[in-house]
Amino acid sequence: MYWLMKSEPNVFSIEDLRKYTLTPWDGVRNYQARNYMRDQMKIGDLAFFYHSNANPSGITGIAKVIREGYPDHTAFDPENVHYDPKSDLKKPAWFMVDVEFVKVARSLITLERLKKIPELKDMLLLRHGRLSVQPVTLQQWQIILKLPEWE
DNA sequence: GCCAACGTTGGC
DNA sequence: GCCAACGTTGGC
């Protein structure tokens, strides 16, 4: 499957992703996003890396899933900002995947630009803006990959 | 910094 | 199980 994963660049940017051989996608505390990571993301799946809360916001690169859903340990640690007392080792509430850097776009594919492409009008990104991990259809993936911003 | 959209919590 | 209050996301 194909995906879109959001990150605020002032917290974790595509350049941070590029720096590490492995990035645990921790801290997601939304059930729908959790379910995608726990149940549906598979090794080798590709995801658009989206910069949110940026100016401008948009797709900036591609990441690859290299480990499938496993418990997000940051939920167990009271010192961690993502701590959640509802989650523990015996019955973890939150899950994450590991991803790695694949590529960065030559220039940002802005949200404004995506909105102008009629074939993308049903993209979850444009309909349910707040979901931080979301599926992308094959058709949407291909349309976006053909944009000149990648070269 | 504002605020609309939307997810979560908790009283009843 | 409803729904008001509240919190968060994220574009602008």
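To find a chain, count down the sequence lines: A is the first, B the second, and so on, and within it residues start at 1. Quick caveat, the model's predicted, so the values are computed rather than measured. We use all heavy atoms of the structure for the numbers below, so side chains are in, but hydrogens, waters and symmetry mates are not.
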Are [X] and [Y] ion-paired here, with the side-chain N under 4.0 Å from a carboxylate O?
X	Y	answer
A/Asp45	A/Lys42	no
A/Glu15	A/Arg18	yes
A/Arg29	A/Asp72	yes
A/Arg38	A/Glu68	no

Check: Looking at A/Tyr70, does the NZ or CZ of A/Arg67 lie under 6.0 angstrom from its six-membered ring centre and within 45 degrees of the ring axis?
Finding: yes
Margin query: Tell me which residues in residues 73-80 of chain A lie within less than 4.0 Å of DNA chain C, going by non-hydrogen atoms.
Written below: none
Next item on the list: Show the numbers, then the answer: is there a side-chain contact (heavy atoms from CB on, under 4.5 Å) between A/Asn35 and A/Gln40?
Entry: CA-CA 7 Å; A/Asn35 292 347; A/Gln40 291 191 253; over 6 Å; no
Item checked: Transitive ILVMFWY side-chain link A/Phe48 to A/Trp3, under 4.5 Å ->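 Per the 4.5 Å side-chain linkage, A/Phe48 and A/Trp3 are not co-clustered.
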Margin query: Counting only heavy atoms from other residues, nucleotides and ligands, does the tally under 6.0 Å from CG of A/Asn55 exceed 12?
Written below: no
Any N/O pairs under 3.5 Å between the protein and nucleotides 6-12 of chain C? List them or say none.
{"from": "C/dT8", "atom 1": "O2", "to": "A/Arg130", "atom 2": "NH2", "distance (Å)": "2.9"}
{"from": "C/dT9", "atom 1": "O3'", "to": "A/Arg130", "atom 2": "O", "distance (Å)": "3.4"}
{"from": "C/dG10", "atom 1": "OP1", "to": "A/Lys6", "atom 2": "NZ", "distance (Å)": "2.8"}
{"from": "C/dG10", "atom 1": "OP1", "to": "A/Arg130", "atom 2": "O", "distance (Å)": "2.8"}
{"from": "C/dG11", "atom 1": "OP1", "to": "A/Tyr50", "atom 2": "OH", "distance (Å)": "2.8"}
{"from": "C/dG11", "atom 1": "OP2", "to": "A/Asn53", "atom 2": "N", "distance (Å)": "3.0"}
{"from": "C/dG11", "atom 1": "OP2", "to": "A/Ser57", "atom 2": "OG", "distance (Å)": "2.7"}
{"from": "C/dC12", "atom 1": "OP1", "to": "A/Lys115", "atom 2": "NZ", "distance (Å)": "2.9"}

Checklist line | Residues A/Gln134, A/Lys6; criterion side-chain contact (heavy atoms from CB on, under 4.5 Å); working and verdict | finding: CA-CA 9 Å; A/Gln134 51 179 260; A/Lys6 295 185 194 172; 4.1 Å; yes
Note to self: Let's test your reading of the pairing rules: Watson-Crick or G-U wobble, both distances under 3.5 Å, then write DNA chain C as a dot-bracket string with ( ), [ ], | and dots.
What the structure shows: ||||||||||||
Next item on the list: For the pair A/Trp25 and A/Phe12, name the ring-plane relationship: parallel under 30°, tilted 30 to 60°, perpendicular over 60°.
Entry: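 The arrangement is perpendicular - the two ring planes meet at more than 60°.
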